[in-house]
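Single-structure report; data block below.
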Amino acid sequence: MALSISFVLLLGIVVVVLIRGKSVKPGPAIACVLFGFSLASTSMAPSINRFMTSMADMIGQIRF
């Protein structure tokens, strides 16, 4: 992959942009972040991680 950036950092930037653009209020954004943390501690975490890795690999194989 030509550009390597942490997916968490990318999502964090998206959340900040949405909050600053008044598309999402800080309360719901914090609730989504907390939901993500709690979801990461469940048994679904490895499946979600594999899915995200396969999506990143698929996007990385796109050639322009």
Side-chain angles (χ1 to χ4, degrees):
M1 187 187 302
L3 179 65
S4 177
I5 186 168
S6 171
F7 188 64
V8 174
L9 179 63
L10 180 64
L11 287 177
I13 292 169
V14 169
V15 168
V16 169
V17 167
L18 288 173
I19 290 173
R20 288 184 56 95
K22 308 258 192 253
S23 296
V24 176
K25 295 189 188 278
I30 291 171
C32 290
V33 168
L34 293 175
F35 174 71
F37 277 114
S38 62
L39 186 63
S41 65
T42 65
S43 61
M44 289 180 56
S47 299
I48 294 169
N49 193 14
R50 280 193 299 272
F51 172 74
M52 296 305 292
T53 302
S54 66
M55 294 303 289
D57 290 341
M58 183 180 69
I59 291 171
Q61 293 177 355
I62 297 174
R63 300 286 177 228
F64 294 102

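As the structure is a prediction and not an experimental result, all values here were calculated from the model.
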Item to check | hydrophobic_cluster_shared for Val15 and Leu18, side chain cutoff 4.5 Å | outcome: no
Item to check | Cluster check Leu34, Val14: I/L/V/M/F/W/Y, side chain < 4.5 angstrom | outcome: no
Checklist entry - Between Met52 and Met44, is there a shared hydrophobic cluster once you connect ILVMFWY residues whose side-chain heavy atoms come closer than 4.5 Å? => result yes
Next on the checklist: Restricting to non-hydrogen atoms, name the atom on Ser38 and the atom on Thr42 that form the minimum distance, rounded to 0.1 Å.
Outcome noted: O-CG2, 3.4 Å
Item to check | Same cluster (ILVMFWY, side-chain, under 4.5 Å), Phe37 and Ile19 | outcome: no
Item to check | Test side chain to side chain contact (heavy atoms under 4.5 Å, CB included) applied to Val33 and Ile30, step by step | outcome: CA-CA 5 Å; Val33 168; Ile30 291 171; 5.6 Å; no
Checklist entry - How far apart are the closest heavy atoms of Leu39 and Ala45, and which atoms are they? => result O-CB, 4.2 Å
